[in-house]
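Here's the structure, in structure tokens; my notes come after.
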2 protein chains.
Amino acid sequence: MKNTRITLKDLAKDLNLSASTISRALGNHPAISASTKKRVQKKAEELGFVPNSIASSFRKKRTQTIGVIVPRIDIHFHSLVISGIEEFAYNNGYNVTIFQSKDLLKREKEIAKTLQNKMLDGVIVCLGIETKSCDHFKKINKLGIPLVFYDRVPTDFDANKIVINDFESAYLATEHLIKNGCKQIGHISGSQTTNIFKARLEGYKAALKKYNLPIEESLILFTNSLSYEEGVQCAETYLKSSLKPDGIFCANDYTAVSVIQVFRKAEIKIPEDVAIVGFSNYPISKIIEPHLTTINDRAFQMGEAATKLLIRQIEEKDDSITSETITLKTELIIRESSTRS
Amino acid sequence: MKNTRITLKDLAKDLNLSASTISRALGNHPAISASTKKRVQKKAEELGFVPNSIASSFRKKRTQTIGVIVPRIDIHFHSLVISGIEEFAYNNGYNVTIFQSKDLLKREKEIAKTLQNKMLDGVIVCLGIETKSCDHFKKINKLGIPLVFYDRVPTDFDANKIVINDFESAYLATEHLIKNGCKQIGHISGSQTTNIFKARLEGYKAALKKYNLPIEESLILFTNSLSYEEGVQCAETYLKSSLKPDGIFCANDYTAVSVIQVFRKAEIKIPEDVAIVGFSNYPISKIIEPHLTTINDRAFQMGEAATKLLIRQIEEKDDSITSETITLKTELIIRESSTRS
DNA sequence: CTGAAAGCGCTTACAG
DNA sequence: CTGAAAGCGCTTACAG
């Protein structure tokens with residue numbers, strides 16, 4: 001049963017043709033006559049010929065495979081991005097091989113190293129949380145393998161990047177709260193070593209400034225990972241604080257949800273007493289009551305855009321790899337948690 | 001810059017050794033002297049030698065790569081399974097290539113076909129919702145490629161399967177409701193063309209029988225995809241119905257959450273008036289109020305178990321591929337939505 | 001302990 | 001329109 005895969009040679013012998021002709025016929029080469037092509041295709045079908053794409057990859061030095069490094073697959077944002085990557089890749093004849101760094105720098109480095117063996121046609125990366133420098137990716141570039149980063153992108157490194165405009169998104173979210181009558185707006189922020197959270201904080205501050213509202217440092221709370229649990233703690237901090245917010249822009253949806261729940265338990269009305277905006281448009285934002293106003297962070301599109309850019313670079317004839325940064329437009333999704341009539 | 005990858009031959013020339021020796025030294029072959037190994041490794045490092053694993057795969061007819069076909073990556077259950085697969089594979093030196101069938105039979109067939117080219121060492125599959133027959137996977141078996149199904153597994157086909165005990169889990173969930181004093185227990189079920197939902201329905205019925213409770217057909221509601229929206233409809237159906245449940249076992253967490261929300265809006269107390277149990281332990285189950293009692297469906301472990309079984313079959317010397325079915329133990333996670341003191 | 005040789009299954013430049 | 005030949009970069013059975 002096993003090892004009975006037939007090869008071009010077998011087909012050639014069977015048809016009294018050369019392997020070259022078989023190869024070309026199956027590859028739909030223009031120089032081959034239609035009748036030969038038909039004969040070859042028929043026989044291939046008949047014998048159950050399965051081309052060995054490893055042999056082909058080896059010969060052509062093209063694997064038609066894209067490597068993807070994500071912190072974790074089971075984080076909804078990343079699974080959406082991967083879905084976008086897979087979809088675009090599939091439609092363009094590429095496969096996708098997945099690696100999880102688990103947010104561990106050590107593991108990210110290991111992966112970056114083994115990736116070089118794999119003869120991948122290109123690589124898409126979202127950096128892990130521990131990663132400060134990107135030296136371990138420079139080698140991939142040196143080997144001429146196109147590389148695209150998304151979301152958490154390097155700063156020490158002139159590379160292809162797909163990002164959203166975190167600053168502007170945060171600005172719009174905060175402005176929306178202001179326009180709904182909030183005067184004392186708080187912010188729950190993520191780790192300041194991560195650029196996107198820095199940018200969201202800055203966008204929030206910029207909106208306050210623009211509308212001549214004071215920036216109250218006591219209303220700005222920092223978390224490590226924007227977890228649900230940390231959100232609960234932040235909410236309790238607000239409750240105990242002397243200066244109370246009448247609106248809160250949260251840097252993700254989990255913390256926004258936890259604030260809503262803690263506040264409601266404390267008989268604070270959302271959005272009447274406090275209006276809430278989250279970030280990312282997680283599924284839960286449409287389920288929590290009141291439904292959460294949030295930012296659509298275009299995860300799926302990010303995957304598509306990364307893959308599109310990557311494939312373009314793979315297939316471009318000239319070797320001059322240029323770096324591009326694509327900023328996707330986000331969208332403020334207005335729901336009940338922030339809407340005061 | 002590009003195409004400057006050095007090969008074994010280059011190293012050999014540089015060191016005045018044969019390519020065979022270089023290959024063996026790098027592969028840590030026992031016949032090579034320690035001093036030679038050191039020399040080779042040092043030089044390899046020095047010249048930045050990156051082995052071409054495609055050439056190696058081609059030669060060895062082993063790609064160290066596992067293919068995974070899932071309906072969708074962005075469904076939390078599957079992303080958890082994939083995470084388990086990737087983790088186990090990574091720790092055992094295998095890569096993971098992902099394909100999404102999008103629950104489309106046509107696409108699943110396409111993927112199954114192209115998979116055969118890829119010389120994958122093994123394949124893990126969760127069938128799409130449209131799939132009734134598995135003929136398109138039989139060829140993979142015939143080629144001697146080990147194959148493991150998980151969750152949605154074939155019935156027309158003697159294959160390796162990783163499943164949970166849906167019947168027993170449903171039985172336990174229902175029994176739990178009974179023990180919490182429920183007398184009229186409803187069930188929200190999924191598509192009856194899918195075995196796991198059939199089994200959950202049967203487990204629910206079996207528990208009722210066991211405890212001499214009547215099976216009221218009007219309390220059993222069917223949905224297509226157990227979506228949140230369908231859950232809302234089911235909840236409304238219950239509200240309008242003459243026979244009202246005092247407990248509901250939902251075949252997933254989304255419908256359970258929607259029922260909780262609709263009922264609470266209708267001033268029905270959870271769990272006092274109606275106790276609710278879900279299925280899958282989605283993140284939302286810990287967030288919804290009251291927290292949802294549910295079944296931990298062991299998604300991550302399913303991925304690990306599938307990969308473990310697959311790799312065992314890949315690495316087993318003898319060709320006699322046997323079929324194994326592994327049933328993972330689930331766990332009833334008791335939270336507030338069902339707990340009457 | 002090391003080397004020469006063959007070959008994995010394709011593709012493609014060259015020749016006709 | 002078709003074929004002969006070379007070769008991609010490894011690995012491994014065989015020989016010494």
Side-chain angles (χ1 to χ4, degrees), chain A residues 2-41 43-44 47-65 114 116-121 143-144, chain B residues 2-41 43-44 47-65 114 116-121 143-144:
Chain A
K2 227 173 156 174
N3 296 328
T4 62
R5 294 185 104 115
I6 42 171
T7 67
L8 285 189
K9 254 191 195 163
D10 300 328
L11 271 178
K13 212 181 289 175
D14 223 83
L15 287 164
N16 250 312
L17 287 167
S18 73
S20 330
T21 302
I22 307 291
S23 172
R24 286 191 274 245
L26 260 15
N28 203 22
H29 190 106
I32 303 294
S33 74
S35 69
T36 304
K37 278 182 190 165
K38 230 168 252 168
R39 269 181 71 213
V40 172
Q41 260 139 22
K43 183 59 87 178
L47 300 189
F49 171 69
V50 175
N52 181 335
S53 67
I54 293 298
S56 165
S57 290
F58 172 49
R59 179 56 234 253
K60 296 203 281 187
K61 294 169 185 264
R62 282 281 300 277
T63 53
Q64 295 292 123
T65 300
T114 62
Q116 299 168 34
N117 302 350
K118 303 291 169 185
M119 310 299 283
L120 297 166
D121 292 349
L143 287 168
Chain B
K2 227 175 156 173
N3 297 329
T4 63
R5 293 184 104 115
I6 41 169
T7 67
L8 286 187
K9 253 190 196 165
D10 300 329
L11 272 178
K13 212 182 288 174
D14 223 82
L15 287 162
N16 249 312
L17 286 167
S18 72
S20 331
T21 303
I22 306 290
S23 172
R24 286 191 274 248
L26 259 16
N28 202 23
H29 189 105
I32 304 293
S33 75
S35 69
T36 303
K37 279 182 189 166
K38 228 169 253 167
R39 269 182 70 213
V40 172
Q41 260 139 24
K43 184 58 84 176
L47 301 188
F49 170 70
V50 174
N52 180 336
S53 65
I54 293 297
S56 166
S57 291
F58 173 50
R59 179 56 234 251
K60 296 202 280 185
K61 297 167 183 261
R62 282 281 301 276
T63 53
Q64 296 292 123
T65 300
T114 61
Q116 299 169 33
N117 302 351
K118 303 293 170 184
M119 310 300 285
L120 298 166
D121 292 349
L143 288 169

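Numbered from 1 within each chain, the chains take letters A, B, ... in sequence-line order. Because the structure is a prediction, the values reported are computed rather than measured.
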(request) Check side-chain hydrogen bond (donor to acceptor under 3.5 Å, both in side chains) between B:S33 and all other residues, then give those that pass, not counting sequence neighbours. (result) B:S35, B:T36

(request) Mind listing the closest non-hydrogen atom pair of A:A25 and A:Q41 along with its distance? (result) O-NE2, 3.8 Å

(request) Give the intermediate values and the outcome of side chain to side chain contact (heavy atoms under 4.5 Å, CB included) for residues B:L143 and B:Q116. (result) CA-CA 8 Å; B:L143 288 169; B:Q116 299 169 33; 3.8 Å; yes

(request) Compare every heavy atom of A:F49 with every heavy atom of A:T7, then report the nearest pair and how far apart it is. (result) C-CE1, 3.7 Å

(message) Using a 3.5 Å limit for the pairing distances, which stems of at least 3 consecutive Watson-Crick or G-U wobble pairs does DNA chain D take part in?
(response) C:1-3 with D:14-16, C:5-12 with D:5-12, C:14-16 with D:1-3

(request) On DNA chain D, reading 5' to 3', which nucleotide is the first and which the last to sit with an atom under 4.0 Å from a heavy atom of chain B, could you check? (result) D:dG9 to D:dA13

(message) Does B:S23 reach a base, just sugar-phosphate, or nothing at all? Heavy atoms under 4.0 Å.
(response) base

(message) Minimum heavy-atom separation for A:N117 and B:S53, please, with both atom names.
(response) O-OG, 2.8 Å

(message) Which residues pass the salt bridge (charged side-chain N to carboxylate O under 4.0 Å, His left out) test with B:R39, not counting sequence neighbours?
(response) none

(request) Write down the distance separating the C1' atoms in D:dT12 and D:dG16, rounded off to the nearest Å. (result) 16 Å

(message) Which residues pass the side-chain contact (heavy atoms from CB on, under 4.5 Å) test with B:S56, not counting sequence neighbours?
(response) B:K60

In residues 11-18 of chain B, what donor-acceptor pairs under 3.5 Å come from side-chain atoms, sequence neighbours left out?
{"residue": "B:D14", "atom": "OD2", "partner": "B:K43", "partner atom": "NZ", "Å": "3.1"}
{"residue": "B:S18", "atom": "OG", "partner": "B:S20", "partner atom": "N", "Å": "3.4"}
{"residue": "B:S18", "atom": "OG", "partner": "B:T21", "partner atom": "N", "Å": "3.2"}
{"residue": "B:S18", "atom": "OG", "partner": "B:T21", "partner atom": "OG1", "Å": "3.1"}

(request) Indicate, with a heavy-atom threshold strictly under 4.0 Å, whether B:I54 touches base, sugar-phosphate, or nothing. (result) nothing

(request) Would you mind telling me which residue lines up with the more 5' stretch of DNA chain C, A:T21 or B:S20, judged by nearest nucleotide? (result) B:S20

